[in-house]
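Beneath this line is the structure, given in structure tokens, with notes to follow.
The shown structure was predicted, so the numbers you read here are calculated from the model rather than taken from an experiment.
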Amino acid sequence: MCFASDARPPELPADLVLPMAGGAGAEVLELESADGTRFAAALAESPEPQDIAVVILPDVRGLYRFYVELAERFAAAGHHAIVLDYFGRTAGAGERDAEFEYWPHVQQATVESVQADLFATLSALRERTVPRAVVAVGFCYGGMQAFLAGTDRALGLDGVVGFYGGLNGGRFGFPDAKTEAEGMRAPVLALFGGGDEGISAQDREIFAASLQESGADHEIVVYDGAPHSFFDRRQAEWAEASEDAWRRTLGFLGELGARVGA
């Protein structure tokens, strides 16, 4: 298991929380994909929205409470945020709990189904919040999905942030993000744990070379010794890495916002 089932997202650094943050939590929505599939998403609207909205691509748990709360954290920092579930076709629309047996549903997901649901989610986000730009922020399996989505012009993403995003898609029947990144056009921030046994230094190097080939602006950060899913673990020793990851992510959004708002 690459996560703690009772983990909660790291708190935002206090200086990055908006004065007006608080109030209503995320709204759970039921959306419809192009093939008629109904699936769940959760939208957290910011009290003081900035130019950049966020679509969160979760790990294999789908629409799990951790990611609903994470959307609320982004809203508290000034970014409308929506998180989607990948498994409406096989598990029905709904929020997932700790008992959700995700692996059979992960095995049935495809690039086409994930990106179709992402397209519908982006459409809902843009209709509800009218942002100037949207950035995908993905975690583990969702980080891989974010990297792949950043190469799809039809989705129109303006940036991609991947937390320990998978670079080898073979286990899931997906293309390898480490080489597909040659088609990246949006700016990328990639955050990895140096102690992550599932993402090797060699794969990170191939990924970096692919991004260099793409010409996309990119930054790759490796936290020395940090394990996979460090942002989703409660061990106090990764608090510093988690805070730095928060700051880099929000800084990435802020820099993009300054460019699109100019």
Can I get a per-line list of side-chain donor-acceptor pairs under 3.5 Å for residues 158-167, giving both atom names and the distance, sequence neighbours left out?
from, atom 1, to, atom 2, distance (Å)
D158, OD2, V134, N, 2.9

Ring centers of F139, Y67 separated by less than 6.0 Å
yes

Are K178 and E205 ion-paired here, with the side-chain N under 4.0 Å from a carboxylate O?
no

Atom [atom1] of [X] and atom [atom2] of [Y]: how far apart are they, to the nearest 0.5 Å?
| X | Y | atom1 | atom2 | answer |
| --- | --- | --- | --- | --- |
| F87 | L84 | CZ | CG | 9.5 Å |
| D152 | L118 | CG | CG | 8.5 Å |
| I56 | T121 | CD1 | OG1 | 11.5 Å |
| S200 | I206 | OG | CD1 | 7.0 Å |
| H228 | E197 | NE2 | CD | 11.5 Å |

Is a side-chain donor or acceptor of [X] paired with a backbone partner of [Y] at a separation under 3.5 angstrom?
| X | Y | value |
| --- | --- | --- |
| S214 | E182 | no |
| E72 | A26 | yes |
| D85 | A41 | no |
| H79 | F74 | no |
| H80 | E45 | no |
| S113 | A109 | no |

Hydrophobic cluster identity match, L155 and V130, side-chain contacts under 4.5 Å:
no

Return the set of residues passing salt bridge (Lys or Arg N to Asp or Glu O under 4.0 Å) with D196 (not counting sequence neighbours), or none when no residue passes.
none

Do the non-hydrogen side-chain atoms of [X] and [Y] ever get within less than 4.5 Å of each other?
| X | Y | answer |
| --- | --- | --- |
| F192 | F230 | no |
| I82 | T129 | no |
| Y64 | F100 | no |
| D232 | R61 | yes |
| H105 | R96 | no |
| E11 | R73 | yes |
| W238 | P227 | yes |
| Y141 | V114 | yes |

Show, in sequence, the C-alpha distance, side-chain angles and deciding distance for T249 and L191, and conclude whether the side-chain contact (heavy atoms from CB on, under 4.5 Å) test is met.
CA-CA 9 Å; T249 299; L191 306 164; 3.8 Å; yes

Around atom CG of D97, are there more than 12 heavy atoms from other residues, nucleotides or ligands closer than 6.0 Å?
yes

Listed partners of [X] passing side-chain hydrogen bond (donor to acceptor under 3.5 Å, both in side chains), at least two apart:
| X | answer |
| --- | --- |
| Y86 | none |
| R185 | none |
| Q212 | none |
| D35 | T37, R89 |

So which atom in [X] and which in [Y] form the shortest heavy-atom distance, rounded to 0.1 Å?
| X | Y | answer |
| --- | --- | --- |
| Q145 | L57 | C-CD1, 3.9 Å |
| A40 | A93 | N-CB, 4.1 Å |
| L70 | P9 | N-CG, 3.7 Å |
| F174 | L148 | CD2-CD1, 4.1 Å |
| F147 | A190 | CZ-CB, 4.1 Å |
| F39 | D117 | CZ-O, 3.3 Å |

CA sep, side-chain torsions, deciding dist, call: F207, I220, side-chain contact (heavy atoms from CB on, under 4.5 Å):
CA-CA 9 Å; F207 181 59; I220 296 176; 3.9 Å; yes

Show your reasoning for whether side-chain contact (heavy atoms from CB on, under 4.5 Å) applies to S242 and W246.
CA-CA 6 Å; S242 294; W246 256 133; 5.6 Å; no

Could you go through the side-chain contact (heavy atoms from CB on, under 4.5 Å) check for E219 and R248 one step at a time?
CA-CA 10 Å; E219 181 181 11; R248 288 179 184 274; 2.9 Å; yes

